[in-house]
Amino acid sequence: EAHAGKAPGVQHGLRPARLPELHEPVVVDAGVERDDRVVGQHRAHELAIERVGVGTNRIEDNERSKNFLRAALDLGVNFIDTADIYSMRISEPTIGSTIGADPRAVIATKGGYHDGSPENVAKAIEQSRKNLQRDVLDLYYLHKPDDRFPIEQSLDPIVAAKQDGRIRQIALSNATL
């Protein structure tokens, strides 16, 4: 039985009990549905991502990590998840210098974990663009709501960046709605 917000066949959020058939719709995340024209690929508005992604909380600035990122893309894994604070702030620059210019990579990043002030979030967006060596960020999350600010204020610079084309899609992480 699928749990709310989980793909069919996912039990307790750990691993699929079985892979869904091609004709079954698969919800990966809010607003993301399976595109049966491409096996294993999903579309989130204009972002096409593969079923498997790479989390980079432990990426280091070394050849092993860089080779791993390149190999992931070569194997068809195009969704790269990171955050401005991952790996003591090394993840984003390592990804940027290694695969930031590769059009196959769909990079999702997060900002505002320790400080969700609008000023800090705006700075975090610009720093992520620089670190990832991208004029446009594919997917940008508010990493965590900050109780010191209404969530709308924290989201204002993210929405503004989407409206002026610096971010393609926006999301929330660690949020209870």
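This is a predicted model, so every value here is computed, not measured.
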Taking [Y]'s backbone N and O only, do any of them form a donor-acceptor pair with [X]'s side chain (distance below 3.5 Å, no angle check)?
X    : Y    : answer
N78  : A48  : yes
K162 : R168 : yes
R134 : G100 : yes
D146 : G116 : yes
D84  : A124 : no
S117 : N120 : yes
S91  : T82  : no

Is it the case that atom [atom1] in [X] sees more than 12 heavy atoms from other parts of the structure closer than 6.0 Å?
X    : atom1 : answer
R148 : CZ    : yes
F68  : CZ    : no
Y86  : OH    : yes
D147 : CG    : no

Do you know the tightest heavy-atom contact between [X] and [Y]?
X    : Y    : value
S154 : V121 : O-CG1, 3.7 Å
I151 : P145 : CD1-CG, 3.9 Å
Y140 : G111 : OH-CA, 3.1 Å
T109 : E92  : OG1-OE2, 2.5 Å
H143 : N174 : O-ND2, 3.0 Å

Test item: Y141 and D81 side chains (from C-beta on) under 4.5 Å apart, heavy atoms
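A side-chain contact exists here, since the closest heavy-atom pair is under 4.5 Å.
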- Should I99 and R104 count as side-chain neighbours, where that means a heavy-atom distance under 4.5 Å? no
Between [Y] and [X], do the side chains contain a donor N or O and an acceptor N or O under 3.5 Å apart?
X   : Y   : result
R70 : N67 : yes
T94 : E60 : no
N62 : S65 : yes

Given the rule that I, L, V, M, F, W and Y join up when any side-chain heavy atoms are under 4.5 Å apart, are [X] and [Y] in one cluster?
X    : Y    : result
V159 : I167 : yes
I85  : I90  : no
L172 : L137 : yes
L142 : Y113 : no
F149 : I170 : no

side-chain contact (heavy atoms from CB on, under 4.5 Å) test vs D102 passes for just one of L69, I95, L73, namely L73
Atom [atom1] in [X], atom [atom2] in [Y]: separation rounded to 0.5 Å?
X    : Y    : atom1 : atom2 : result
D135 : K130 : CG    : NZ    : 14.0 Å
L132 : I80  : CG    : CD1   : 10.5 Å
K144 : D115 : NZ    : CG    : 10.5 Å

Worksheet item: Hey, mind stepping through F79 and I107 against side-chain contact (heavy atoms from CB on, under 4.5 Å) and telling me if it holds?
Response: CA-CA 6 Å; F79 185 70; I107 303 173; over 6 Å; no
Are any of the side-chain nitrogens in K123 or E126 under 4.0 Å away from the carboxylate oxygens of its partner?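 Judged by the 4.0 Å cut-off on N to carboxylate O distance, K123 and E126 do not form a salt bridge.
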